[in-house]
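Working notes, structure below.
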4 protein chains.
Amino acid sequence: MPTPPNPLRRNEASRRSILDAALELCAEVGYGRLTVEAIAARAGVSKKTIYRWWPSKGAVMLDAVDERAKAVAAHPYTGDLATDLRNQLAAVVALLTPSDRSPVAGLIAEAMHDDELAHDLRERLIRPRIDSFDERLRQAQRDGQFPADADLDVALGLVYGPIYHRLVFHLGMPDAAQLDTLVTHALRAFVTKSGTS
Amino acid sequence: MPTPPNPLRRNEASRRSILDAALELCAEVGYGRLTVEAIAARAGVSKKTIYRWWPSKGAVMLDAVDERAKAVAAHPYTGDLATDLRNQLAAVVALLTPSDRSPVAGLIAEAMHDDELAHDLRERLIRPRIDSFDERLRQAQRDGQFPADADLDVALGLVYGPIYHRLVFHLGMPDAAQLDTLVTHALRAFVTKSGTS
Amino acid sequence: MPTPPNPLRRNEASRRSILDAALELCAEVGYGRLTVEAIAARAGVSKKTIYRWWPSKGAVMLDAVDERAKAVAAHPYTGDLATDLRNQLAAVVALLTPSDRSPVAGLIAEAMHDDELAHDLRERLIRPRIDSFDERLRQAQRDGQFPADADLDVALGLVYGPIYHRLVFHLGMPDAAQLDTLVTHALRAFVTKSGTS
Amino acid sequence: MPTPPNPLRRNEASRRSILDAALELCAEVGYGRLTVEAIAARAGVSKKTIYRWWPSKGAVMLDAVDERAKAVAAHPYTGDLATDLRNQLAAVVALLTPSDRSPVAGLIAEAMHDDELAHDLRERLIRPRIDSFDERLRQAQRDGQFPADADLDVALGLVYGPIYHRLVFHLGMPDAAQLDTLVTHALRAFVTKSGTS
DNA sequence: ACTTAAACGAGACGGTACGTCTTGTCTTCCG
DNA sequence: CGGAAGACAAGACGTACCGTCTCGTTTAAGT
C-alpha cells in the first residue's frame, strides 16, 4: 500500500511491534486519543520509522486490523440463506464491538474526512465482506431462493445499513435475535407477490 | 443544553457571528480542518467567548446546524406512505450532501468518539426526524396501510440505515430514483403473505 | 491620587474590603501571583469598582500599604544620631520583611517598569522616610555632630543603599547588629581627619 | 544551568537566534512588554523549542545577557584602589543603563518574585563582579591600603548599595563624578583614627 | 419624601499571552 | 548505512487575566 521505500529492507520486528502497540493502545485509550507518538514509544521505535512506512495513524491501524481480520476463519456454508447472511453479519458486528475502543469504528470515523483512508478501508477491509455477501446471494439466485433480478447493492444496504445506523448514533450493536429479525426483514423486501422468486 | 453561565446576559450578536463563522469555515475547509481558533478569528470574537458557551467545536456546529435545520419547513402530508417517507428521507440526504464539507457528516464522525456530543446530536438533530418517521408510520398503521404489529425501530433501520452505510464508505448519496427504490424495498419487508395488512 | 469620579459618593466599605483583600491575598500568594480578579472576588466587589478608583493593582497595594504604614508611631528622638538612624532604618527593614510576600518589595519590583507607580511609591511611601532621615541629619549638623558640608544624598545612599542591595539579590534583611555596623560605617564615611568636625 | 534535555543534540543556530531576538526585542519594547511568543516569532523558532531549554523568559534573558557580559574585557589594574573600584562600578552601572529597556534591570525586577531566577542571576551575573571586588580589596589589604580586619560584605554594600537604591527608585544612574564621590566616601568608612590601616 | 444621577455587584466581552500538545520533517549519534 | 532517539517548526489547544463594557440595583444628594 503506502510503502515508498524498498520493502525488501524492511525490519519485520519493527513492523510487528508497531501494529501490536497500535492495537494495544487503541484498546486502552480508544482510537480518538491514540497518537503516533504513543505508538512509537510503546513499540520502542522512532516516529520516523512509522512515517516511513505508513502515511497516518489510520493506515497503521488499518494494517493492524486487516491482519487480525484475515486470521479469522471463513464462514461455513449451511445451505440456509438467512442463516449464512446472519453469520456473515455477526462477524462484522463483532468487529465493531465495543463501538468505543473498536479500532474499526475509529477507522470508519476517520475515513469520513480522509478520502484515501476511506478508499483503503473499503477495498481492504470491507470489500471481502461485500464479496462474500454478493457471492452468497448469487448462489441463492442460482438456487432459486432469491429473485434473479434483485439489485444486490440494494440488498447490501438493507442488510448492512442498519448496523452502521446503530454504530453512528451509539445505539449499541444488535444481539443474535435482533440480527435474525434484521435479516428476515431484509430478505422479505425481495419477496414477490407470487412467492420467493 | 450547553450554556452553563447566565444566559440572560448573553450577547446575541456574538452568538450569531460565531455560528455563521462556523458554517462558513466548515464549507470552506471542511469539518476536519475547522478550528476553534479560526472560528473566533472569523467571528471577531475571543476564544474565551466560544468556550464560555460551548464545550467543543462539535457543540458549536451542532447549534449552528440545528438552527438552520429548524428553519426548514415541515414535510407535506400527501396521503401516500412511500411518497411521504421518501420526502423525509430526501431531506436527511440533503443535510448530508456533499458528504465532505457537510457539517452534519463531520458531527457524525466526531460523535463516534465523543459520547456527550453523540447524545446531543441524537437528541437534537436526529430525534425530530425519527419522530416524524414514527408518526407517519403510526398514521399508516391507523389507516391500515402498514402492519399494526410492525417494529418501527426495524423499519427505521431499513429505511435510514442504507443512507449511513453509503455515507460511511464515501459511496455518494442516492438520487431520487434510488431513494424510491430504497423506500419501496424497505416497505415491502413488512408485507405479509396475505396483503399489506 | 487617581480618583476621577466624584469622591463624595465613594463607598467606604468597598474601599476597605478591597485594600484588606489585597493585603490578605498578597500575604497568601505573594505580590507576583496577585491579580485584580482575585482581589475583586475576595473583596466581594466588581472589577469595575477597582478600576474606577485605581489604575492598577500596584496603585491599590500602594494605598493599602500606605495606610498601614501611616498607622505606625513616629520614631523617638534619643539624642544619639547613630541610634536614631538605626531605628529609622529598622522600620524600613521591617516593611521589607519577609522579602517575598512583602507587598512593599512587590511594589518596588513593579515600579521598576512602571514610571507612574515608581513616582507615587517614591512620593508617598519613601519620601516621608527620606525627610525624617534628612531632618535628623540636619539636626545633627546644627548640633555639630555631623559635617555641615556633607552631601545628604550621598549619606542617604550609603545608609539605605545596602538594604536595597540585599533586597534585590534575596540576601535577607540585616538583623539589629548588622544594622548597627551598617550605620556606624556609613557615618564614619563623613568623619574628617581632624575628628567629627 | 537550565538545559534538562540532552544538550548534545541542541541546535546552536536556534539558540543563537533566540538569544539575539530576546535582546533585540527587549531593547525595542522593554523587558516588561517582552513575551516568549514574540521572541519565538522573531527568532523563527517554535515556542516549544524555547520552553524545551529555558523555564521562563527570565532564564532566556539571563543567558543572553550573561553571554554578552562575558565578552567584555576585564578591568585593568592601575594600582590605585579607588580608581580600580570606580572602574568596576562603572561597568556595573553601564549594565543597568538605561534603567528602562535594560535587560538586567528587568531581570532584577523579575528576580524579586522568582527565587530560582534570583539564584541564577546572583550566581552567574553578579557573583563574578563581587569576586572581582573582593579580590581587589584583599589585594589592597595585602598592600596595606585597606584595613586587614574590614568586613568585605559591609564594604560591598556601601559601594554597590547606592547603585541599587537609585535603580529601584528611578533616580538615574550616577555619572563619573558621582561614582568618584561614592567610592571615596565608601572607602573613608573604613579609615581608622590613626590613618588608613 | 421624591427624584435622579452616581456608584455599585455581577459578569460577558475582545484581546493577548500563557504553557502544553501533537504532527510530520529533519538531524545526530550509535551499533 | 540503518534505525532509535529525539530536536525541530508549525500551529491549535484550553486557560488565565487584562481592562472595558453593559446590565439592573442600591444608595445617597439635592431638591
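Just so it is clear: chains get the letters A, B, ... in the order the sequence lines come, proteins before strands, and each one is counted from 1.
Atoms CZ and CG, on Arg15(B) and Asp20(B) in that order, are 9.5 Å from each other to the nearest 0.5 Å. In this structure, CD1 on Ile108(C) lies 12.5 Å from CZ on Arg122(C), to the nearest 0.5 angstrom.
Considering only side-chain N and O atoms, Trp53(C) lies under 4.0 angstrom from the phosphate OP1 or OP2 of dC8(E). Note on Arg52(B): a side-chain N or O is less than 4.0 Å away from OP1 or OP2 of dC13(E). Phosphate contact (OP1/OP2 of dG11(F), side-chain N/O of Thr35(B), threshold under 4.0 Å): absent.
Nearest-nucleotide positions on DNA chain F for Ser56(B) and Glu12(D) put Glu12(D) closer to the 5' end. Nearest-nucleotide assignment on DNA chain E puts the 5′-proximal partner with Arg15(B), out of Arg15(B) and Lys48(D). Residues Ser14(B) and Leu34(D) both approach DNA chain E. Their nearest nucleotides, taken by heavy-atom distance, put Ser14(B) toward the 5′ side. Comparing Val36(B) and Thr49(D) by the nucleotide of DNA chain F whose heavy atom lies nearest to each, the residue mapping closer to the 5' end is Thr49(D).
Cation-pi geometry between Arg10(D) and Trp54(D) is met: under 6.0 angstrom from the ring centre, within 45 degrees of the axis.
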> What do the steps show when you test Asp115(B) against His170(A) for side-chain hydrogen bond (donor to acceptor under 3.5 Å, both in side chains), and what is the final call?
Replying inline: CA-CA 8 Å; Asp115(B) 274 333; His170(A) 291 218; 2.8 Å; yes
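Which of dA7(E), dG15(E), dC29(E) sits closest to the side chain of Arg9(D) comes down to dC29(E). Among dT22(E), dA12(E), dA5(F), the nucleotide with an atom closest to any side-chain atom of Ser46(A) is dA5(F).
Nucleotide dA4(F) holds its C1' atom 12 Å from the CD1 atom of Ile50(A), rounded to whole Å. The distance between atom CG of Asn11(C) and atom C1' of dT25(F), rounded to the nearest whole Å, is 13 Å. One can place OH of Tyr51(A) at 8 Å from C1' of dT22(E), the figure rounded to the nearest angstrom. In this structure, the CZ atom of Arg42(A) is 18 Å from the C1' atom of dT22(E), given to the nearest Å. Whole-Å rounding puts the Arg33(D) CZ to dA17(E) C1' distance at 15 Å. Atom CD of Glu37(D) is separated from atom C1' of dA9(F) by 14 Å (rounded to the nearest Å). Atom pair Tyr31(A):OH and dT22(E):C1' shows a separation of 15 Å (rounding to whole Å applied). When rounded to the nearest whole Å, the span between NZ of Lys57(C) and P of dA16(F) equals 17 Å.
Between Arg124(D) and Glu67(D) there is no salt bridge, since no side-chain nitrogen of the basic residue lies less than 4.0 Å from a carboxylate oxygen of the acidic one.
Residue-to-nucleotide contacts include a donor-acceptor pair under 3.5 Å from the side chain of Lys47(D) to the base of dG19(E).
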